[in-house]
Protein chains: 2
Amino acid sequence: MRNRKGGFGDFPDSNKEACPVEFTLDVIGGKWKGILIYHLMDGTKRFNEFRRICPGITQRMLTLQLRELEEDGVIHREVYHQVPPKVEYSLTPFGQTLGPIINLMRIWGEEYQTKQLSAESCPVETDIQL
Amino acid sequence: MRNRKGGFGDFPDSNKEACPVEFTLDVIGGKWKGILIYHLMDGTKRFNEFRRICPGITQRMLTLQLRELEEDGVIHREVYHQVPPKVEYSLTPFGQTLGPIINLMRIWGEEYQTKQLSAESCPVETDIQL
DNA sequence: CGGGATCCCAAAAGATACTG
DNA sequence: CAGTATCTTTTGGGATCCCG
């Protein structure tokens with residue numbers, strides 16, 4: 001992922017206009033990006049709000065992921081020059097076009113999160129219905 | 001990613017039933033997984049077929065990604081015991097439920113692959129319509 | 001043909017400390 | 001509050017050789 005930053009210059013020629021699925025995953029496929037976009041879908045968020053929502057993420061990773069999303073034009077970063085500082089993140093119109101995908105991923109996740117786990121905990125075939 | 005293999009035992013308690021988006025990304029978010037699933041959507045594939053379709057992937061990565069998809073119950077691995085060996089990969093019914101997501105990602109990718117690139121090449125705001 | 005095993009390097013990510 | 005900088009650890013992933 002993240003390997004198109006320079007603008008495809010590094011690809012020989014094979015996958016210049018690579019698989020569109022790959023392109024999409026490159027935008028939302030980062031470990032936290034989907035979640036960040038997801039939470040931005042119901043409104044503007046601040047830096048420490050994200051840290052509260054995603055307890056697992058470190059501030060460094062949060063910064064990096066937000067920066068990449070910003071570079072990709074998915075989110076907007078609004079800085080208020082005041083003390084204490086205030087920065088608000090929001091989806092750009094472009095970022096909002098990702099909404100349907102994120103929503104579908106949420107629905108699928110809700111649907112199969114439990115079923116998949118039960119399936120995984122059964123190493124062999126079972127007659128317990130999934 | 002991939003950190004739920006043991007069945008959530010490693011999570012303290014916070015995100016046991018984590019964000020469903022995160023769950024979904026965990027299944028399809030690997031570097032090549034989306035593409036592999038995508039190509040399996042139009043039929044069974046063999047190992048070296050994938051290597052031809054995705055020239056960038058090494059056999060090691062291909063093996064690993066296929067194994068993970070298999071462990072997640074997304075794909076089925078059919079081994080024909082013969083010489084030369086033959087192994088066919090296909091989507092399980094479970095894996096096919098991912099179809100709509102992959103399709104949406106493909107459509108989005110096709111739609112924005114070009115536009116996004118033009119946007120990225122413009123460091124400042126422009127009146128060239130995206 | 002379809003991998004497995006091993007080695008090794010590079011990139012990703014965590015921890016900690018510091019700052020405008 | 002919202003980060004940066006630096007360091008260390010972990011992981012990803014390429015190269016190579018081998019096997020059934």
Side-chain angles (χ1 to χ4, degrees), chain A residues 1-6 10-12 14-15 22 25-36 39-40 44-72 75-90, chain B residues 1-6 10-12 14-15 22 25-26 28-36 39-40 44-71 75-90:
Chain A
M1 319 245 191
R2 293 279 89 216
N3 49 6
R4 79 186 187 295
K5 300 305 288 287
D10 27 7
F11 289 108
S14 49
N15 47 4
E22 191 170 355
L25 273 175
D26 207 19
V27 177
I28 62 175
K31 174 153 187 179
W32 300 95
K33 292 187 185 177
I35 293 91
L36 296 181
H39 288 297
L40 280 176
T44 290
K45 294 278 177 301
R46 297 181 58 175
F47 192 81
N48 280 344
E49 279 190 84
F50 280 124
R51 299 189 62 184
R52 256 170 270 127
I53 300 173
C54 319
I57 196 170
T58 62
Q59 89 254 88
R60 183 177 177 275
M61 283 314 297
L62 180 54
T63 302
L64 290 176
Q65 300 274 291
L66 287 171
R67 287 294 185 280
E68 290 190 356
L69 287 172
E70 191 187 359
E71 286 173 25
D72 283 340
I75 66 175
H76 170 69
R77 181 167 176 266
E78 183 74 29
V79 183
Y80 297 85
H81 288 288
Q82 58 186 45
V83 273
K86 177 180 171 184
V87 178
E88 285 187 341
Y89 294 92
S90 57
Chain B
M1 313 232 196
R2 296 276 90 215
N3 50 4
R4 78 184 188 294
K5 303 303 292 286
D10 25 9
F11 289 107
S14 49
N15 47 2
E22 189 170 357
L25 274 175
D26 207 18
I28 63 176
K31 173 154 185 176
W32 300 96
K33 292 187 183 176
I35 293 92
L36 296 180
H39 288 298
L40 280 175
T44 290
K45 295 277 176 301
R46 297 181 58 177
F47 192 81
N48 280 344
E49 280 190 84
F50 281 124
R51 298 189 63 184
R52 256 170 271 127
I53 300 174
C54 318
I57 196 170
T58 62
Q59 48 172 221
R60 182 177 178 273
M61 284 314 298
L62 181 54
T63 302
L64 290 177
Q65 299 275 293
L66 287 171
R67 285 294 183 281
E68 290 192 355
L69 287 171
E70 191 188 358
E71 287 172 26
I75 66 174
H76 171 69
R77 181 168 177 266
E78 183 74 30
V79 182
Y80 298 85
H81 288 288
Q82 59 187 40
V83 272
K86 177 180 172 185
V87 179
E88 284 186 343
Y89 295 92
S90 57

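Lettering of chains follows the sequences in order, A, B, ..., and the numbering in each one begins at 1.
In this structure, CG of B:L62 is placed 16 Å from C1' of D:dA15, rounded to the nearest angstrom. Atom CD of B:E88 and atom C1' of C:dG3 are 16 Å apart (whole Å). Between B:F50 atom CZ and C:dC1 atom P the separation is 17 Å, expressed in whole Å. Note: CG (B:L64) to P (C:dT6) measures 14 Å, nearest angstrom. Here the P atom of nucleotide C:dA10 and the CE atom of B:M61 are 18 Å apart, to the nearest Å. Between B:K31 atom NZ and D:dG14 atom C1' there is a gap of 11 Å when expressed in whole angstrom units. Distance B:I57 CD1 to C:dG2 P: 14 Å, rounded to the nearest Å. Going from atom CG of B:N48 over to atom P of C:dG2 covers 5 Å, rounded to whole Å.
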Taking distance alone, no hydrogens or angles, what donor-acceptor pairs closer than 3.5 Å link side-chain atoms of residues 77-87 of chain B to residues at least two apart or in another chain?
| unit_1 | atom_1 | unit_2 | atom_2 | d |
| --- | --- | --- | --- | --- |
| B:R77 | NE | B:Y89 | OH | 3.3 |
| B:E78 | OE1 | B:H76 | NE2 | 2.7 |
| B:Y80 | OH | B:E88 | OE1 | 3.1 |

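With rounding to the nearest 0.5 angstrom, the CG atom of A:L69 is 8.5 Å from the CG atom of A:L40. Distance check, rounded to the nearest 0.5 Å: CG of A:L64 to NZ of A:K33 gives 10.0 Å.
Taking the side chain to side chain donor-acceptor pair (under 3.5 Å) definition, one finds that A:R67 meets it with nothing, sequence neighbours left out.
A pairwise comparison of heavy atoms in B:W32 and B:C54 identifies CZ3-CB, 4.0 Å as the closest pair. Between B:F47 and B:L66, the closest heavy-atom pair is CD1-CD1, 4.2 Å. When every heavy atom of A:I53 is checked against every heavy atom of A:H39, the shortest pair comes out as CG2-NE2, 3.2 Å. Looking at every heavy atom in both residues, B:L25 comes nearest to A:I28 through CD1-O, 3.7 Å.
For the helix from C:dC1-D:dG20 to C:dG20-D:dC1, the rotation axes defined at the first and last 5 base pairs enclose an angle of 60°, given to the nearest 10°.
Annotation: side chain to side chain donor-acceptor pair (under 3.5 Å) contacts involving residues 51-63 of chain A, sequence neighbours excluded, are absent.
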Per-nucleotide protein contact string for nucleotides 3-9 of chain D (B base, S sugar-phosphate only, - none; heavy atom under 4.0 Å): BB-B---
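Remark: A:T58 is in phosphate contact with C:dG14, judged by side-chain N or O atoms under 4.0 Å from OP1 or OP2.
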